[in-house]
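Beneath this line is the structure, given in structure tokens, with notes to follow.
Below, all heavy atoms of this structure are taken into account, side chains as well, without hydrogens, waters or symmetry copies.
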Amino acid sequence: MNEDTFIFVEGKTEMRLLKQMGCPENIIVDCKGAPNIPRDIKRILEPSLNNNHSIKISIMRDRDNKETHDSIIQSFGSFFDELLGVSMPHPLFLPHREFKNLYTMNGSSANFRVALHIAAPPPIKSIKKFTSDTIDGYIFALAMTEKVLQSFAKEAGIKPKVLRAKVLEEVPELAKQNGIELDQAKDFLGVYMAMSKFFTVKRNEKMDVFSGIVARRGKKYETDSFRDVFRSVQTALQFIDIEVNI
Amino acid sequence: MIERLILSRFRGIRKGIIKDMGKINLLVGPNNSGKTAILEAIYWLSVCGRQCGIYSRKIPELMDEDGLSYSRNAFVPMEMDLLGMSPCPRIWKRHGKSESWKEAPGSVSDDGALAYNIPHLKKDEFSKDGELLKNGDPLKIFRLVPSPTEDIRDVEKFDENTLSSTGVFVLDNFKGADDILKCYLPYLYPVEFSSSGQYRCCAFTWYPDFIHRGKSLGAWGIEGETADADCVLFFDFHATDDHFTKDFWWAMRDVPDWRNQLTRAFGKVIDDIGEFRASIEPHPTLRDMMQGAVEIEGKGTIPIDDYGDGARHAFKVLAGLTVLADRCKDGRNGIFLWEDPELFMHSKSLCRLIKEVVEIVKDKPIQVFISTQSLEVIAFFVRILKERQELQDKIRAFRMKLVDDELITANFKYSNLDAWLEHGLDLRFWDQMDVIMHYQVGESDLEDVE
């Protein structure tokens with residue numbers, strides 16, 4: 001069987017995360033932003049279409065502020081209609097029976113299989129819902145678990161509860177008083193990085209590197225949480241026959 | 001330009017089709033995926049420029065209207081290719097076979113025709129009463145008849161040397177040849193040939209080692225314009241070691257300003273020789289052979305073979321291409337077949353050599369086929385073409401694989417190649433999870449010491 005298997009992601013954070021999950025790096029395509037995902041799928045899969053190849057892809061997508069699951073599904077549905085044309089008819093996306101944020105398209109006769117994973121991070125106590133559902137939300141949830149928090153606090157020379165309070169309450173409150181609303185997971189990750197002195201402790205300013213470390217520590221110290229948080233991602237990968245170890 | 005190649009039972013390929021070829025074609029795939037077979041198939045077919053007739057009692061349709069027992073629509077290989085080598089022996093030698101096929105299943109008749117009886121093909125079956133029960137292979141017995149033109153008949157006569165150096169012929173007129181084509185291109189003819197009305201021709205080989213599993217005949221056809229037979233340059237890795245033939249030297253001398261052209265091109269690729277002039281000299285010890293050289297002021301003439309393999313490779317490729325480019329004018333088309341250009345080459349010189357090759361062929365009616373194992377070669381082409389938008393739609397890369405001896409291909413255009421490279425994907429592999437060396441330059445996670 002001739003198989004092409006790829007995972008299309010929005011950015012480096014997903015790449016770091018999938019790497020920590022044991023996913024082969026060289027099948028992950030960083031599209032550098034959600035709008036580029038269809039373009040990159042087309043450019044990369046085009047040679048394999050109409051050649052009796054088996055194509056299996058997973059798309060890791062955030063839900064941005066003004067989007068709904070329906071609008072995302074509809075957009076990808078139209079895209080695949082156009083890409084595959086009449087030569088490769090494909091079924092519609094169906095919601096997964098267990099995960100409401102996972103949609104699959106299984107055109108078994110056409111050897112074409114797609115798992116569309118839309119980020120749906122777990123809620124954080126004391127924070128109202130973020131305006132967007134993003135992969136950063138998963139990372140932030142993991143960063144706030146007890147043992148991961150402890151590890152970062154220790155490196156910064158502060159107590160975990162101090163770090164928690166700064167990240168969840170004090171800094172956002174101060175910002176709010178000054179007219180700055182922190183309403184995205186990325187905003188909170190930024191605060192977390194600053195309060196844990198990540199920039200100086202690790203001599204690195206890149207958020208995706210921070211995310212990779214959070215994921216690694218989450219997997220190591222909070223195995224159950226890590227598994228729970230990323231089960232829908234794991235299922236999306238299993239749908240395209242990629243087994244990951246979480 | 002060849003646009004489509006259709007293969008049946010040629011070497012390790014049971015069947016296969018490559019469509020939508022471009023001006024520059026990169027053949028990419030794992031070992032034993034058919035890359036070299038395709039170069040050889042195109043080479044053999046394209047060098048068949050010696051006109052003859054074919055006669056077979058099984059195919060009366062091939063007789064011409066005057067009832068003469070031949071048709072004119074067959075061609076066998078030229079005596080010599082552009083490098084001055086005999087085409088079939090050259091390919092046989094590459095595969096460790098004798099250059100002279102002494103056991104060729106044929107004979108030379110008094111009138112200078114080649115009469116074949118292919119032993120492994122099926123004979124007609126008759127009843128005891130002599131009634132034909134079952135037809136045998138249409139090309140079990142056939143004759144290749146010299147060109148009928150009276151004034152050149154003597155010149156064109158075949159001889160024992162032709163017999164022992166010929167293993168392929170080409171039909172360029174399919175009229176009346178349906179039985180042959182259906183028999184030797186099963187499932188492929190006529191379905192895989194387009195009805196676009198383009199020129200098409202088909203080659204057949206009876207050389208046993210080049211027939212898939214030794215059964216039937218090897219057959220392969222093309223659509224689109226092929227090259228003039230003397231405008232086919234096949235540069236394989238043996239060519240780097242070989243000296244130039246005298247015939248090639250004479251061809252080189254016909255190129256106006258060849259010395260300056262070669263000096264300029266070679267100087268762009270290998271830039272550490274200093275001031276020099278390219279030359280080609282008689283080999284000091286090997287009679288009938290010539291040797292490339294560079295004349296450096298104050299140092300004299302240094303044979304190119306005294307330099308490293310990369311410089312020798314570049315010099316000889318560019319010398320061949322200089323002749324090819326000069327011939328490809330006034331409506332004459334050429335083909336440049338280049339096997340594994342990365343061999344012997346440092347990355348820097350390789351990039352320059354590829355750039356120079358692109359410069360030479362870009363405005364010439366030369367179609368290029370390159371087999372490669374190197375991601376760098378692919379990347380260099382993409383990088384060069386990134387700045388040459390007018391050439392971007394002229395490149396194709398064919399990712400190849402044999403599945404049950406069927407050739408499977410995926411056709412990459414420029415935008416696909418660009419995307420794959422941009423994302424660190426490796427089209428040499430069919431299953432990306434097999435990739436050992438990941439070319440994507442990523443930032444590694446910081447060492448997380450706690």
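Around the CD atom of B:Glu390, the shell of radius 6.0 Å holds more than 12 heavy atoms that belong to other residues, nucleotides or ligands. The number of heavy-atom neighbours closer than 6.0 Å to CD of B:Glu225, taken from other residues, nucleotides and ligands shown, is 12 or below. Atom CD of A:Gln238 has more than 12 heavy atoms from other residues, nucleotides or ligands within 6.0 Å. Atom NZ of A:Lys166 is surrounded by 12 or fewer heavy atoms from other residues, nucleotides or ligands within 6.0 Å.
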Steps toward side-chain contact (heavy atoms from CB on, under 4.5 Å) verdict (A:Asn26, B:Phe429): CA-CA 11 Å; A:Asn26 41 24; B:Phe429 293 81; over 6 Å; no
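Rounded to the nearest 0.5 angstrom, A:Ile28 CD1 and B:Leu425 CG are separated by 10.5 Å. Between the CG atom in B:Asp426 and the CD1 atom in A:Ile27 there is a gap of 14.0 Å [rounded to 0.5 Å]. A:Asp40 CG to B:Trp420 CH2: the interatomic distance, rounded to the nearest 0.5 Å, is 12.5 Å.
A:Tyr192 pairs by the ring pair (Phe, Tyr, Trp, His ring centres under 6.0 Å) definition with A:Phe152, A:Phe210, not counting sequence neighbours. Checked against side-chain hydrogen bond (donor to acceptor under 3.5 Å, both in side chains), B:Trp44 has no partners two or more places apart in sequence or in another chain.
Of all the heavy atoms in B:Arg399 and A:Ser48, the pair that sits closest is NH2-OG, 3.6 Å. Across B:Ala410 and A:Pro47, no two heavy atoms sit closer than the pair CB-O, 3.3 Å.
Residue contact with chain A, scored on non-hydrogen atoms closer than 4.5 Å, involves the backbone of B:Asn411 exclusively.
Among the candidates A:Glu46, A:Arg43, A:Lys42, the residue making the largest number of heavy-atom pairs closer than 4.5 Å to chain B is A:Arg43.
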